[in-house]
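Below you'll find the structure, written out as structure tokens, and then a few comments.
In this text the structure is predicted, and so the values were computed from the model without any measurement. Throughout, protein chains are lettered first and strands after them, A, B, ... in sequence-line order, and every chain is numbered starting at 1.
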2 protein chains.
Amino acid sequence: MKKVTINSVASYAGVSKKTVSRVLNNEPNVSDATREKVLKVFKELDYTPNPIARGLAQNRSFIIGCIYDNPSKSYITRVQTGALAACQENKYNLLIHPCDLRGDALISNIEHLLQSSRLDGLVLTPPFSDFKVLVDFLKSKKIPYARVASAVLEDDSISVRSNDEQGAFEITEHLIKLGHKAIAFIKGHPDHSATEQRFKGYRRALSMHGIEFNERLVEEGNFSYHSGVDSARSILDLIPCPTAVFASNDYMAAAVLKLATQRQFKVPDDISIAGFDNAPIARHIWPGLTTIAQPVEEMTKQAVTKLIEHIGEPQEQPYQVTLEARLITRESTAQVR
Amino acid sequence: MKKVTINSVASYAGVSKKTVSRVLNNEPNVSDATREKVLKVFKELDYTPNPIARGLAQNRSFIIGCIYDNPSKSYITRVQTGALAACQENKYNLLIHPCDLRGDALISNIEHLLQSSRLDGLVLTPPFSDFKVLVDFLKSKKIPYARVASAVLEDDSISVRSNDEQGAFEITEHLIKLGHKAIAFIKGHPDHSATEQRFKGYRRALSMHGIEFNERLVEEGNFSYHSGVDSARSILDLIPCPTAVFASNDYMAAAVLKLATQRQFKVPDDISIAGFDNAPIARHIWPGLTTIAQPVEEMTKQAVTKLIEHIGEPQEQPYQVTLEARLITRESTAQVR
DNA sequence: CCGCATTATGACACCGGTGTCAGGGTTGAA
DNA sequence: TTCAACCCTGACACCGGTGTCATAATGCGG
């Protein structure tokens, strides 16, 4: 298979390579006849431009990076799916880069990543979306970035989120309407901005329905299944035991369900359990978890699409969108007895 | 931040850029004094070579692609983790590319991927690892590739697998030793080579322990949770009902568990359930699933490492390794009553 | 038909590295 | 002392595109 370069196309079509380049990039000032001719040669020779050469000339890599430090595999794959969709539409590549939020080496890690891969932009996923140190660093280096599921909005960046507070409010209200008054809550990881948002929604629902907030019903988790087990233990030991538990994500909710089942609780008859995220596990277990579904793929896709647009034309406007989350009721919640 | 190129380093160090290049690539024929001097300037100027320029010059991209068409998110993330580890050690990037095995456009899809991203190599994950059409295509195009978890070994390629047949044998034997004789089996997706391997292991264990194979106890699944539900339905409807079910992966096993629980079976007292893969869900549900753990990350890491070595020196030897799988017993299997 | 603005095209440098090759310096054996 | 062999080093072309600018061709009003 002979390599087809812009030179072969040019000589074959009888034009200069600059003209070929013009056709490639849909630039104006090419006569229709010439354009047609070149396009035909593209087909005939089955020409594909070399992105590396193009990258070198334009000082771009056509790669955007996605960084994460998230225990939920399913969340990550959903993020990736959305990001990939946007990348493929725009002939970009996606580089995935798991890294440690806590490490003091984070900034230098990211700096090295940017240096060595010459990324055109970065997608920040939770918990990085609201990690000020990092955002400030990127801003100072003028690295384009987009934030997914951030709580704090900034008026000069790209940010696509879903309404965590509202989602938490709705699911809590759902429990209240089923007659629950003692509703335990398991918080997420303190570094995730969603943690506070969901907690806020929980409290708003309580207060709106005149239920007094009880601090003893709140446990600190960190979104991991394991932390859910610990929190569940404390909650199920409470006397009197709450009639419902709302965990900040489905893994922790699944942990509550597991422990409750082990302890011979009947779910949802003895205790209702609700989660958040609509992770696969929510429907893979019995009883299925009532939860909140967020459009993770869609959020990420929009964020990445805007990011790529922004790379192309840096004067582009900021983009701030909040998508709706949706309550999904399954068997794990029921009328209080 | 001024851009630091090989030219700035060269003039700063008072040598030619070719010499700088020699130091960069650890080439011989550079005097120690010169090497030291250049290395010092690297530090001083904080120089990072531009991978794009290097790629253009060497006609390489330093990117390897990982293609998959796999319903198990957790499997994919594990593959990615392993692949990333190998890539980072070797300053490579990983491009992930989900695609449809069934689509007739597969080959042209992959061809386009290779063309447009100039990948240096490809990692094939199940079910692509044993997809002959694709392997032949890559071979004919002389694209370096490595296969993860393939069943069929070829003596001229890189292939790292785990022993599916042996794993299935062991878990079946585990059930037999618990006194089970009527052990149902749920097959995986027919396109995955693991499907046949696991089935073979199941049959070998039966025959080795003098249990007659009963075709009615075998259901066709496809590794998805949903297919597990369908298979579970058929199995639980059998009269007499088998005392154990061995599903070819944990998702399907979880589906059996869910349906069994819904139907008021007590697991493992009324029926034992075993899975395969040690997916997170296996320990997230109650009772936890007895299963087989495979070193997926390690397999992929080895495969990718060898692949990168092979790209560097194409005359490299083939590499064929089989890693061991390991039985993990949890609460879902017990002595038959 | 002329002068000028506008469009179409190509020559050439450039992006930041690597490959080739030639030349100067040093070493060691004859 | 001489000459081949070897080690260092740099000049220069090249990878495959894009940016700049000059120039040729065309359109158009006067």
Output yes when at least one side-chain N/O atom of [X] is less than 4.0 Å from OP1 or OP2 of [N], else no.
{"X": "A/Thr5", "N": "D/dG16", "value": "no"}
{"X": "B/Thr34", "N": "D/dT9", "value": "yes"}
{"X": "B/Ser21", "N": "C/dT18", "value": "yes"}
{"X": "B/Lys17", "N": "D/dT9", "value": "no"}
{"X": "B/Tyr47", "N": "C/dG16", "value": "no"}
{"X": "A/Lys18", "N": "D/dC21", "value": "no"}
{"X": "B/Asn25", "N": "C/dT18", "value": "yes"}

Separation of [N] [atom2] from [X] [atom1] (nearest whole Å):
{"X": "A/Asn7", "N": "D/dG16", "atom1": "CG", "atom2": "P", "answer": "8 Å"}
{"X": "B/Leu56", "N": "C/dC14", "atom1": "CG", "atom2": "P", "answer": "17 Å"}
{"X": "A/Gln58", "N": "D/dG17", "atom1": "CD", "atom2": "C1'", "answer": "8 Å"}
{"X": "A/Arg54", "N": "C/dG16", "atom1": "CZ", "atom2": "P", "answer": "18 Å"}
{"X": "B/Arg60", "N": "C/dG19", "atom1": "CZ", "atom2": "P", "answer": "9 Å"}
{"X": "B/Glu27", "N": "C/dT20", "atom1": "CD", "atom2": "C1'", "answer": "12 Å"}
{"X": "A/Leu24", "N": "D/dG16", "atom1": "CG", "atom2": "C1'", "answer": "11 Å"}
{"X": "B/Asn29", "N": "C/dG24", "atom1": "CG", "atom2": "P", "answer": "18 Å"}

Give A/Val15 one of three labels, base, sugar-phosphate or nothing, depending on what nucleic acid heavy atoms sit under 4.0 Å from its own.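 A/Val15: backbone/sugar contact only, no base atoms under 4.0 Å.
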Look at all strands and tell whether B/Pro49 reaches a base, only sugar-phosphate, or nothing, counting heavy atoms closer than 4.0 Å.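 Result for B/Pro49 = sugar-phosphate.
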What is the minimum heavy-atom distance between A/Ile308 and A/Ala86, and which atoms define it?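 Looks like CD1-O, 4.1 Å.
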So which atom in A/Cys87 and which in A/Leu94 form the shortest heavy-atom distance, rounded to 0.1 Å?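 Between these two residues, the closest heavy atoms are SG-CB, 4.0 Å.
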Taking the side chain of B/Thr19 as its heavy atoms from C-beta onward, which of C/dG17, D/dC8, D/dG10 lies nearest to it?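 Nucleotide nearest to B/Thr19's side chain: D/dG10.
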Per B/Val30 side chain, nearest of listed nucleotides C/dG16, D/dG19, D/dT9: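 Nucleotide nearest to B/Val30's side chain: D/dT9.
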Verify whether one side chain among A/Gln115 and A/Glu111 offers a donor that lies under 3.5 Å from an acceptor in the other.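 There is no such pair between these side chains.
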Check: D/dG19 base within 3.5 Å donor-acceptor of A/Arg22 side chain: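 Under the 3.5 Å cut-off, the side chain and the base do not form any donor-acceptor pair.
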Salt bridge (charged side-chain N to carboxylate O under 4.0 Å, His left out) between B/Glu298 and B/Lys301, intermediate numbers included: CA-CA 5 Å; B/Glu298 181 58 24; B/Lys301 185 176 171 188; 5.7 Å; no
Around B/Lys139, counting heavy atoms of other residues, nucleotides and ligands shown, do more than 12 lie under 6.0 Å from its NZ?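 Atom NZ in B/Lys139 is packed in, count exceeds 12.
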Would one find more than 12 heavy atoms of other residues, nucleotides or ligands at under 6.0 Å from atom OH of B/Tyr12?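 It does not: B/Tyr12 OH has 12 such atoms or fewer within range.
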Report for the helix from C/dC1-D/dG30 to C/dA30-D/dT1: angle between first-end and last-end helix axes, five pairs each, rounded to 10 degrees.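 The end axes of the helix from C/dC1-D/dG30 to C/dA30-D/dT1 are about 40° apart, to the nearest 10°.
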For the side chain to side chain donor-acceptor pair (under 3.5 Å) test, which of B/Ser193, B/Ser159, B/Ser157 pairs with B/Ser150?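 So, applying the side chain to side chain donor-acceptor pair (under 3.5 Å) to B/Ser150 and each of B/Ser193, B/Ser159, B/Ser157, only B/Ser159 qualifies.
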For B/Ser31 and B/Ala53, take the nucleotide of DNA chain D holding the closest heavy atom to each; which residue's nucleotide lies nearer the 5' end?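 Looking at DNA chain D, the more 5' nearest nucleotide goes with B/Ser31.
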With nearest nucleotide decided by heavy atoms, which residue, A/Ile6 or B/Gly14, maps closer to the 5′ end of DNA chain D?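 Final value for this comparison: B/Gly14.
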With a 4.0 Å cut-off on N to O distance, would you call A/Arg102 and A/Asp69 a salt bridge?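 The answer is no: the pair does not qualify as a salt bridge.
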